[in-house]
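Reckoned from all heavy atoms, side chains included, excluding hydrogens, waters and symmetry mates.
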Amino acid sequence: MAIEIERKFLVNELPGAELEQALVEQIQQGYLIRESEREVRVRRKGDLCFLTEKKGSGLRREEHEILISEAMFEALWPLTKGMQLAKARSTFTLDGHQLELDVYQGELEPLMVLETEFESEEQAHAWTPPWFAGAEVTGDKRYKNAQLAMAGKPDRG
């Protein structure tokens, strides 16, 4: 069992200098199961494909992920119809923390979300987000990828 401790923030303005050395990958993901406290998804990230189960919500979640073949991804992808999304993920390091900036594509444009993972909840709470991080949406279920894939962009009001 792996535990994911992660904070998420909306981003309104792309951080130019911070992204100069970023690794950018295209991501397609679709959801096979979406329940209130559990989701199962398939993801293509660059040349790799994964099957992932996540349990829980908020700052701390349980995560199980396995590498799957391209053929298995292609076989499962049609089952996610109506629950899919695409995004470009920029991964970079800032002040010793690895950050991931997701720029959503298609109907979710121009949504941008910054996330970073931590070793402990204490470390997560002590972290000061960078200048370009907007409102925190860590516990906001409207910004979970599964919800975005099904319902589209949330009303920010």
Give a yes or no on whether Glu107 atom CD has more than 12 heavy-atom contacts from other residues, nucleotides or ligands under 6.0 Å away.
->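 No.
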
So with a 6.0 Å cut-off around CD of Glu119, is the heavy-atom count from everything else above 12?
->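 No, not enclosed.
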
Can you check whether [X] reaches [Y] side chain to side chain, under 4.5 Å on heavy atoms?
| X | Y | answer |
| --- | --- | --- |
| Gln28 | Gln84 | no |
| Pro154 | Asp140 | no |
| Phe9 | Pro130 | no |
| Leu99 | Phe92 | yes |
| Lys55 | Glu35 | no |

Would Glu100 and Lys87 count as a salt bridge (Lys or Arg N to Asp or Glu O under 4.0 Å) if you check the C-alpha gap in whole Å, the side-chain angles of each, and the deciding distance to 0.1 Å?
-> CA-CA 11 Å; Glu100 296 174 335; Lys87 58 188 177 180; over 6 Å; no

With no hydrogens and no angle check, is any side-chain donor or acceptor of Thr116 less than 3.5 Å from a backbone partner on Gln98?
->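 Judged by distance alone, yes, a pair lies under 3.5 Å.
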
Is there a chain of hydrophobic side chains (I, L, V, M, F, W, Y, each step under 4.5 Å between heavy atoms) that links [X] to [Y]?
| X | Y | answer |
| --- | --- | --- |
| Leu23 | Val11 | no |
| Val137 | Leu85 | yes |
| Trp77 | Leu79 | yes |
| Phe73 | Leu76 | yes |
| Ile27 | Leu67 | no |

Between Arg44 and Gln26, is any side-chain donor less than 3.5 angstrom from a side-chain acceptor?
->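 Checked: Arg44/Gln26 side chains show no N/O donor-acceptor pair below 3.5 Å.
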
Apply salt bridge (Lys or Arg N to Asp or Glu O under 4.0 Å) to the pair Lys54 and Glu63, showing each step before the final yes or no.
-> CA-CA 5 Å; Lys54 289 190 176 195; Glu63 180 180 56; 3.5 Å; yes

Going through the checks in order, is the side-chain contact (heavy atoms from CB on, under 4.5 Å) test met by Lys141 and Gln147?
-> CA-CA 7 Å; Lys141 293 183 182 200; Gln147 181 66 19; 5.9 Å; no

Straight-line distance of [X] [atom1] to [Y] [atom2], nearest 0.5 Å:
| X | Y | atom1 | atom2 | answer |
| --- | --- | --- | --- | --- |
| Glu109 | Lys153 | CD | NZ | 8.0 Å |
| Arg43 | Phe50 | CZ | CZ | 8.0 Å |
| Glu18 | Phe132 | CD | CZ | 5.5 Å |
| Leu114 | Glu136 | CG | CD | 10.5 Å |
| Ile5 | Phe118 | CD1 | CZ | 9.5 Å |
| Met112 | Leu14 | CE | CG | 4.5 Å |

When you check the gap from the basic side-chain N to the acidic O, do Glu62 and Arg38 get nearer than 4.0 Å?
->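 Salt bridge: no.
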
Check ion pair Glu6-Arg61 (N to O, under 4.0 angstrom) |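 Arg61 and Glu6: not salt-bridged.
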
For the residue pair [X] and [Y], what are the closest heavy atoms and their distance?
| X | Y | result |
| --- | --- | --- |
| Cys49 | Ser69 | CB-O, 4.1 Å |
| Thr138 | Arg7 | OG1-CA, 3.3 Å |
| Lys8 | Lys144 | NZ-CA, 4.2 Å |
| Gly30 | Thr80 | C-CG2, 3.5 Å |

When you look at Val113 and Asn145, which way does the side-chain contact (heavy atoms from CB on, under 4.5 Å) test go after all the steps?
-> CA-CA 10 Å; Val113 176; Asn145 280 301; over 6 Å; no

How far apart are the C-alpha atoms of Leu59 and His125, what are their side-chain angles, what is the distance that settles it, and do they pass the side-chain contact (heavy atoms from CB on, under 4.5 Å) test?
-> CA-CA 10 Å; Leu59 180 68; His125 291 299; 3.5 Å; yes

